[in-house]
Amino acid sequence: QVQLVESGGGLVQAGDSLRLSCAFSGPTFNSYTMGWFRQAPGEERQFVAAISSRDGSTNYIYSVKGRFTISRDNAKNTVYLQMNSLKSEDTAVYYCAARSSPVLITSSQGYDYWGQGTQVTVSS
């Protein structure tokens with residue numbers, strides 16, 4: 001059974017940085033493609049970034065390109081989301097997700113496991 005636990009959220013000012021972490025427990029972390037999604041109040045869950053299990057290739061939503069970086073440490077069973085130059089529109093609950101396929105996708109329906117989420121609030 002796979003479990004995901006996010007950490008690192010908080011309240012910051014616009015322009016600040018945060019690093020989210022997602023600890024993966026279960027078998028064969030390095031066989032899972034990992035993703036980050038976010039959901040703001042009243043809005044649908046939105047893809048943010050993903051990193052493939054096959055070759056570490058990444059994909060980002062356009063609005064975070066150049067500001068956010070997803071990475072993984074297979075030795076620590078952890079995936080990270082480094083968020084720089086934060087904006088008020090980045091405010092949301094951020095969720096970590098895992099899928100047992102090397103293919104990068106942006107649809108939440110393609111992910112098999114989810115964490116509980118961590119709140120990120122950016123004040124302007």
Side-chain angles (χ1 to χ4, degrees):
Q1 181 70 14
V2 171
Q3 291 187 324
L4 305 173
V5 178
E6 302 97 335
S7 61
L11 171 63
V12 297
Q13 294 186 336
D16 286 350
S17 299
L18 275 177
R19 187 177 79 158
L20 305 183
S21 300
C22 173
F24 175 106
S25 61
T28 59
F29 170 70
N30 58 7
S31 69
Y32 284 83
T33 288
M34 302 299 295
W36 285 97
F37 289 75
R38 65 188 181 187
Q39 189 167 18
E43 297 186 10
E44 293 187 355
R45 193 166 295 190
Q46 178 189 50
F47 170 81
V48 176
I51 184 165
S52 172
S53 59
R54 177 186 294 151
D55 55 8
S57 57
T58 58
N59 190 20
Y60 297 90
I61 191 173
Y62 179 78
S63 61
V64 308
K65 282 185 177 179
R67 299 190 297 124
F68 290 11
T69 303
I70 187 171
S71 62
R72 64 190 298 158
D73 186 336
N74 288 340
K76 295 182 177 180
N77 285 9
T78 301
V79 63
Y80 304 97
L81 185 67
Q82 178 67 44
M83 305 186 294
N84 298 331
S85 302
L86 282 161
K87 305 176 181 180
S88 57
E89 51 262 45
D90 295 319
T91 294
V93 177
Y94 283 71
Y95 297 91
C96 175
R99 67 182 249 110
S100 54
S101 163
V103 178
L104 290 172
I105 63 169
T106 62
S107 171
S108 61
Q109 294 182 351
Y111 288 78
D112 306 304
Y113 301 97
W114 292 86
Q116 294 298 308
T118 186
Q119 177 70 48
V120 172
T121 303
V122 184
S123 63
S124 57

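Every value quoted in this text rests on a predicted model; they were computed, and no experiment measured them.
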Quiz item: Linking I/L/V/M/F/W/Y whenever any side-chain heavy atoms sit under 4.5 Å apart, do Phe47 and Val93 land together?
Solution: yes
For residues 117-124, please give each side-chain donor-acceptor pair under 3.5 Å, one per line with the distance, not counting sequence neighbours.
{"from": "Thr118", "atom 1": "OG1", "to": "Gly9", "atom 2": "N", "distance (Å)": "3.2"}
{"from": "Gln119", "atom 1": "NE2", "to": "Ala92", "atom 2": "O", "distance (Å)": "3.4"}
{"from": "Gln119", "atom 1": "NE2", "to": "Thr121", "atom 2": "OG1", "distance (Å)": "3.3"}
{"from": "Ser123", "atom 1": "OG", "to": "Val12", "atom 2": "O", "distance (Å)": "3.3"}

For residues 24-31, run the donor-acceptor check on the side chains, cut-off 3.5 Å, and write out each pair with its distance to 0.1 Å, sequence neighbours left out.
{"from": "Ser25", "atom 1": "OG", "to": "Gln3", "atom 2": "O", "distance (Å)": "3.4"}
{"from": "Thr28", "atom 1": "OG1", "to": "Ser31", "atom 2": "OG", "distance (Å)": "3.1"}
{"from": "Ser31", "atom 1": "OG", "to": "Thr28", "atom 2": "O", "distance (Å)": "2.7"}

Quiz item: So which pairs with a foot in residues 46-56 pass side chain to side chain donor-acceptor pair (under 3.5 Å), sequence neighbours left out?
Solution: Arg38-Gln46, Asp55-Ser57
Quiz item: If you round to the nearest 0.5 Å, how far is OG1 of Thr58 from CZ of Phe68?
Solution: 14.0 Å
Quiz prompt | Pairs meeting criterion ring pair (Phe, Tyr, Trp, His ring centres under 6.0 Å) with involvement of residues 75-107, two or more places apart | solution = none
Quiz item: Which pairs with one or both residues in residues 102-114 pass side chain to side chain donor-acceptor pair (under 3.5 Å), sequence neighbours excluded?
Solution: Ser100-Asp112
Practice problem: Mind checking the CD-OG spacing from Glu89 to Ser63? Nearest 0.5 Å is all I need. | Solution: 8.0 Å
Quiz prompt | Leu81 side, atom CG; Tyr60 side, atom OH - distance, nearest 0.5 Å | solution = 7.5 Å
Quiz item: Linking I/L/V/M/F/W/Y whenever their side-chain heavy atoms sit closer than 4.5 Å, directly or via other members, would Val48 and Leu104 fall into one cluster?
Solution: no
Quiz item: Which pairs, with at least one residue in residues 19-98 and sequence neighbours excluded, count as a disulfide bond (SG atoms under 2.5 Å apart)?
Solution: Cys22-Cys96
Quiz item: Would a distance-only check, ignoring hydrogens and angles, find a side-chain to backbone donor-acceptor pair under 3.5 Å from Thr78 to Asp73?
Solution: no
Self-check item: For Ser85, side chain to side chain contact (heavy atoms under 4.5 Å, CB included) partners two or more places apart
Solution: Arg67
Quiz item: Distance from Leu18 atom CG to Asp90 atom CG, nearest 0.5 Å?
Solution: 10.0 Å
Quiz item: Among all residues two or more places apart in sequence or in another chain, which pass the side chain to side chain donor-acceptor pair (under 3.5 Å) test with Asn74?
Solution: Arg72
Quiz item: For the atom pair CD (Gln82) and CD1 (Ile70), what is the distance rounded to the nearest 0.5 Å?
Solution: 12.0 Å
Quiz item: Between CE of Met83 and OG1 of Thr69, what distance do you get to the nearest 0.5 Å?
Solution: 11.0 Å
